[in-house]
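Worksheet: one structure, shown below.
Labels below follow one simple rule: chain letters A, B, ... track the order of the sequence lines, proteins then strands, and each chain is numbered from 1. We use all heavy atoms of the structure for the numbers below, so side chains are in, but hydrogens, waters and symmetry mates are not. Worth saying up front: this structure is predicted, and the values here are computed from it rather than measured.
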Amino acid sequence: MEQFLNIFLGGLLIGGIYSLVSMGLSLQYGVAKVLNIAHGEFLMIGAFVTYWLQQSGVEPLLTVVIVGPTMFIIGFILYRTVFTSIRLRSAHPGIYESNSLLAAFGIYFIVMNIGILIWGTTPHSYTYLNQSISVGGALFTQNRIVAAAFAVVIGIAFYLFLTNTRTGKAIRAAAQDPATAGLMGVNIDFVLALCFGFGAAMAGVAGSLISICYSLSTAMGLGYTVIAIVVVTLGGLGSIPGSFIGGFILGVIGSAVSFWEPGLTVASYYVIFIVLLLVRPKGIMGR
Amino acid sequence: MHLLEGEKVTKYFGGLAAVSEVDFYVDEGEIVGLIGPNGAGKTTLFNLISAALEPKPGIIKYKDKKINGLKPYKICRLGIARTFQTVKIFGNMPVIENVRVGSLFGPLVGLSTAEATKVATELLEFVGLSKVAYTPARDLTLAHQKRLEVARALATKPTLLMLDELMAGLNQTELLEAMELIKQIQKKGITIIMIEHVMKAIMGICDRIIVLHHGQKIADGTPQEVANSKTVIEVYLGETSDAGNK
Amino acid sequence: MDFSNINWKRAAIQPGIPILLLVLVAFAPLYGSGYIVTMFTYFILYIIITVSWTIFSGATGYISLASAAFYGVGIYAAAMFGERMPFIFVIFIAGFASFVLAFIVGAITLRLRGIYFAMFTFGLVVLMKEVIHYWEITIEGTRGHFVIYQSNETIFYYLLGIFVVTIIVAYIIRRSKFGLALASIGENEEAAGHTGINVTMVKIITFAVSAIFMAAAGAVMATKLTYIDPGVAFNPMMSFSPALMAIFGGMASIYGPVAGAVIFSYLQELLMTGSLKNYYMLIFGAILVATIIYLPSGVTGLIQNLWRRFKGARSAPTRG
Amino acid sequence: MLEINNISAFYGNIQILWDVSLKVNEGEIVALIGGNGAGKTTLVRAITGLLPIASGSIKFLEKEIDKLPPHIITELGISHIPEGRKLFTEMSVHENLEMGAYSKPAWKKKHETLERVFKIFPRLKEREKQLARTLSGGEQQMVAMGRGLMSIPKLCIIDEPSNGLAPMVVMEVFKIVQELRDQGITILLIEQNVRHTLEISDRAYVLENGRVVMEGDCATCLASEHIKKAYLGL
Amino acid sequence: MWKKVFKYSIPLTICLILAVSAVLVAGCGGGGVEEGKTEILIGASRDITGPQAGFQAYGFAPLYKAWAEEVNAAGGIDVGGTKLPVRIIEYDDASDPAVCTRNLEKLITQDNVDFLFGPTGTAMLFAAAPIANKYHKIMLCGEGGATTLEPKLAEMPYVFSVLNYSNHFQIPVFADLIEEKGAQTVYICYMNDLHGAEYRLTAQSEFEIRGLQVLQAKSIPMSITDMDPIVKEAKDLNPDVFCMFAYPNQNILFMQTAMALDFNPKCILVGPGCNFEFFNLMFGAALEGVCGEGAWNKNSSPAAAAFAEKVTELVGMGNQDWWGAIVYQSTLEYLQQAIEEAGTLDNDKILEVYRTAHFQTTAGEMWWDIQGENGGGLLPQECYAGQIGQWQSGIFEVIDNDEHNTAPFIYPKAPWPES
């Protein structure tokens, strides 16, 4: 029972963060149609900014307020400068998708290496809320519970934003049919850039949350990108609730594999991904 | 024996039947027209025959052999060639290369390169594109691109040629030329099944017309029969009277 | 036979210059210092990988990120069989193993839409790395293998041989009926299918053939590395490099990928060996983004455009 | 109200529209008819700003609109009800309608407009919470039209509303179009269903191969030999 | 016709220009004939921007640099009568073995270095050793060790492995220590790379020989961020001894997790990393009784005391390495004396000296244990200052069961302090 709680609750806790990262990618890939392989790099930058601010005495959870908007602006500008022009130059959506994938790889190299030049390659960490709490005999540190709670709150808040506001509805409309959304008077370039910005902001915030419970290094990004891609495929392309739930599912699977054999965790994500692509590319929530 | 025969051909997209239980046949040497309003399932039916899609359920027979589920290239090599509603040419290749692809890969026994070039040149002559043989295909006008598709289809040495809206968007002169071209193709002994909206063309050259509506066949007969059919006038040509009440 | 149509000058120049260059490079070990041989070895390596990448991905537009997997298969073949048999057999085994792997991967994935194919192939590289790594650590209790080593000149000439074969095969594929089929698939897959091309087979076979050269090059390079582990063998950079080099060089002709490979491996030589590895990666990324936005047809495309414009400007007065 | 002067437009290298001129006066239903590929949809794309025109001008309420982006044109009061309905299938009927009122001025009044739309299409009120993809074809067309009205348009471009609908439903749709005109909305109706269209319209333009081949009031058109032959199959 | 010629000749000309310029540039860099040596060049491919970069930058590099400066300040190394200064050329490989081999080739064939220093880490050493041997350059492998390299050393006469590693005395010593104290069960967690794999294999066999039960041997990936599963499982199994064979970052993570989840076995061995002073600064009192691989400290000998002060000054507080520093320094001193004895830079002549000579160094008398007939060398156990260390009141005490030890082994360790 304790073992089960350890695996299951531990999976849900990390799953909360996976959800947040994946919802960000879902916006970028599902709506803006950019398979942003540099997604994890925004997370890395977010984590390091938090680390940096924490070192100069700022409460880590408060840095979310700085990291989120900053990453949003960076993502927004990036989309307007790089991806909009790729989109306008591409003859058809297929070319846009593959070119933006390659451009995202370029951005991945750029951002990661800027990170390395600033922060080096050695891992960093700080301790914050490092006491543990017992849940039915299973121990969890406070920082994880706080981070997961934060992630879930942000995720739900964003979902409410999507369903209840004018801009949120425009994003959902653009996700389903950008051309028609344009007919409704939605400025598509703007909305797609907005989505990309929100995606980057979510990655950044997830990075901040990760930094309060795990150690960080400039090479951490790609791992989270992979997780996000798997979750987005799992949850169904462009489905925000799908990504949210998918994050928890992958968290639990990852947790179970880690308990059994930590060396195979990453491999298990790829196996899930490959099987999904072959068997059900639409994802569990896709139609 | 019919050249091509379909029994209860059906195709669902999602929950919606795009083509439902359509029986049809095409005899050797005929020109068959396939008409119906937008969304009636004409192109879907074409896709089912040319194996871009697989009917579920239903049987399509060609020369008395079941051809459901074959790959498109097999269908092509059996002798069924097609053109597309929205042109699908190889835009960056020269015109003649487009046709050569057809003659190199289309027939059951492929031609040698030299023969293929010869055949391609002849076909371009036939459809009237020899002047632009070496320009990239994407630079042609829409009418010429459609002709190019016909030439490419002919290069595969088909018994049955399927033309999807060959005449859409053509002007009066081009239209007449296209009709002439179709007649010429028929003279070569090739059976034709064509989707068309231009009534004049359909009525003028088809031996038989099949009318689809909402995925169902509502009429099948000579142009005269179809034009006089009450159902067709109601649902397709648009009768003024109380059509809605029936 | 009619000889009047043959353009003798062109016939001499067209293969002439590449052959001259090849001879020049082939004798590098005789006149160059030890390091020139090593440097040229890397140039040739990247040309092989990039040209063979272009054989499939350039023609069909399917972005394959599996190059590293095939290269890695070659490396592992050398590590496993290098000591047991003559090296030339090892190269053949590497090529064959890679062919089979690519064939299987192609058969199950080439029906995936473009971007999914790219993701799948990338996943394949990482998965192979992780699984072999795990196998070595937990089952064998070690990581990596030693590879028999060979003199720099031997390695150089092996690679040169593979290079020549790759270029010839790429040229033949481009010029043959098969190449026409590939180009048709790249232009419009659906129409190609309906024109009688066995789309799936053509794609799978090309994919598998292009993998042969990558693996063969990997097998040779393994002897240069002398010690290999999954991280070296399945380094994702080997997947990105050919894509960038080909796109940067331009894929309309064989020269494009060659030029791209030479430029980048020289840049790599300047920055990566030395202490600017991270700057290399940074520049690599920046050029990748810039190329996609500003140079869709690559350097060779740009030069051809400029040349056309230059020629146009020069001949304009005579026309007017 | 809408004035199109001698425009041409291209897709890639192919010219689709040749010197097309067209006028819509306030309070009219103007029909634009023509076969597939005649250039109707291209013309609409040019008006709504989705396709740049090569030459000529488009004026709406005396204002040049041919260089404006689509969302601004929508705000000016042109609403486009697209061919094939193009609903946001994973959103509810209510949300689809709300999207119609996306432009800022319309958003402010969306509750009142919604009431009006529900008055015209009472059936939509019953289905308010349903996902759009669960509706029948006719209902979907109603959502599309309702959505078009949500932007409080001055000019409504309705693209092939009868497409793929059962004959009975087609009649209903055309009735609604007339109703809209009676409520003071100017309409540019694009149709293949020539007879019905000409019956409810005030004036008509016939587009063939990207050129306007005939214009005039509907009675004349219906009587024309050309129309009879080419479109009515008589 | 000329159009066609132009069409093909332009791309070809570009290729030609590129190729020729490449030849020229490379030629200028590497073609020089050496004549009248003015300095002794030592090449190294190091992890400057890779995962262990911090240790390279603060822990290891300053020692080598300081040695070179010291030698140069004294006028250089006496090579057959002329004193030549020493220069170290460092390239970055970011822990990528492929780049490392390429760097070494560049150092040897283009920069014409006289000697090589080994790269950082076990796997890197594997990649580097064959290259050194291929080009007949003496290589002093500092920060790495590899059991599987041992049999190969017999065929690698130019490779000298400096550091003590798993079966090269550390784990056998540790196994003796815990066996003596009556430990029964062990949990092993190891990094899934060569370093971890080797320690795990050695540890498993050494423990089992002595009748200790290995409850679990689990590998963790380099990228691990969550040690909870490992620590929770270990806590369930309740071993007497917990061994963690991973790098500092994972070890720090383990320490934090073990404290947070209150996992406190009788003995904990973590390393490498534990041998650095920063572990002490980071964990303070919590580190009491934690063992690590190494070791030496200021109590090892008077020379060591002086060297400890020098090291602190060189690398700064926190970066002192209580495992390798003293050996690296001593082998450098050995190299200098060997060159002077040989009176030439000819690697083969110097090799002769290496095979037989004993020299006095900071760590005491030093000589090499030559493998096979004429192979490379390992240091014998007597030449090390210690094998296993344990933190006791802020000092990394040597606890070996021989004359090297500076303090007795404390078993069981103290509980974690209340936070």
(message) Which atoms of L277(A) are under 4.5 Å from chain C, going by heavy atoms: the side chain, the backbone, both sets, or neither?
(response) both
(request) To the nearest 0.5 Å, tell me how far L264(A) CG sits from T138(C) OG1. (result) 7.0 Å
(request) Please look at I293(C) and chain A and tell me whether the side chain, the backbone, both or neither of the residue comes under 4.5 angstrom of a heavy atom of that chain. (result) both
(message) Counting only non-hydrogen atoms closer than 4.5 Å, does I229(A) touch chain C with its backbone (N, CA, C, O), its side chain (CB onward), both, or neither?
(response) side chain
(request) Under 4.5 Å heavy-atom distance to chain C, tell me which part of F105(A) shows up: side chain, backbone, both or neither. (result) both
(request) Please look at I137(C) and chain A and tell me whether the side chain, the backbone, both or neither of the residue comes under 4.5 angstrom of a heavy atom of that chain. (result) neither
(message) Just so I understand: if I count every heavy-atom pair under 4.5 Å between each of V271(A), I86(A), V82(A) and chain C, which residue has the most?
(response) V82(A)
(message) Please identify, among Y116(C), Y62(C), F122(C), the residue contributing the most non-hydrogen atom pairs under 4.5 Å to chain A.
(response) Y116(C)
(request) Count the heavy-atom pairs under 4.5 Å between each of A286(C), A290(C), P296(C) and chain A, then report the option with the highest count. (result) A286(C)
(message) Please report the interatomic distance OH(Y134(C)) to OG1(T265(A)), rounded to the nearest 0.5 Å.
(response) 10.0 Å
(request) Could you look at Y96(A) and say if it's the side chain, the backbone, both or neither that has a heavy atom under 4.5 Å from chain C? (result) neither
(message) So, taking the atom named CD in E97(A) and the one named CD1 in I63(C), what distance separates them when rounded to the nearest 0.5 Å?
(response) 10.5 Å
(request) Measure distances from S85(A) to the heavy atoms of chain C and classify the residue's part below 4.5 Å as side chain, backbone, both or neither. (result) side chain
(request) Could you have a look at I287(C), L282(C), V289(C) and say which one has the most heavy-atom pairs with chain A under 4.5 angstrom? (result) L282(C)
(request) Examine whether an atom of L102(A) lies under 4.5 Å from a heavy atom of chain C, and if so say whether it belongs to the side chain, the backbone or both; otherwise answer neither. (result) both
(message) Are F109(A) and F240(C) an aromatic pair, judged by ring center distance below 6.0 Å?
(response) yes
(request) Measure I116(A) against the heavy atoms of chain C and call it side chain, backbone, both or neither at under 4.5 Å. (result) side chain
(message) Given heavy-atom pairs under 4.5 angstrom as the criterion, report whether the side chain, backbone, both or neither of L101(A) touches chain C.
(response) side chain
(message) How long is the straight-line distance from CE of M119(C) back to OH of Y29(A), given to the nearest 0.5 Å?
(response) 5.0 Å
(request) Measure distances from M128(C) to the heavy atoms of chain A and classify the residue's part below 4.5 Å as side chain, backbone, both or neither. (result) neither
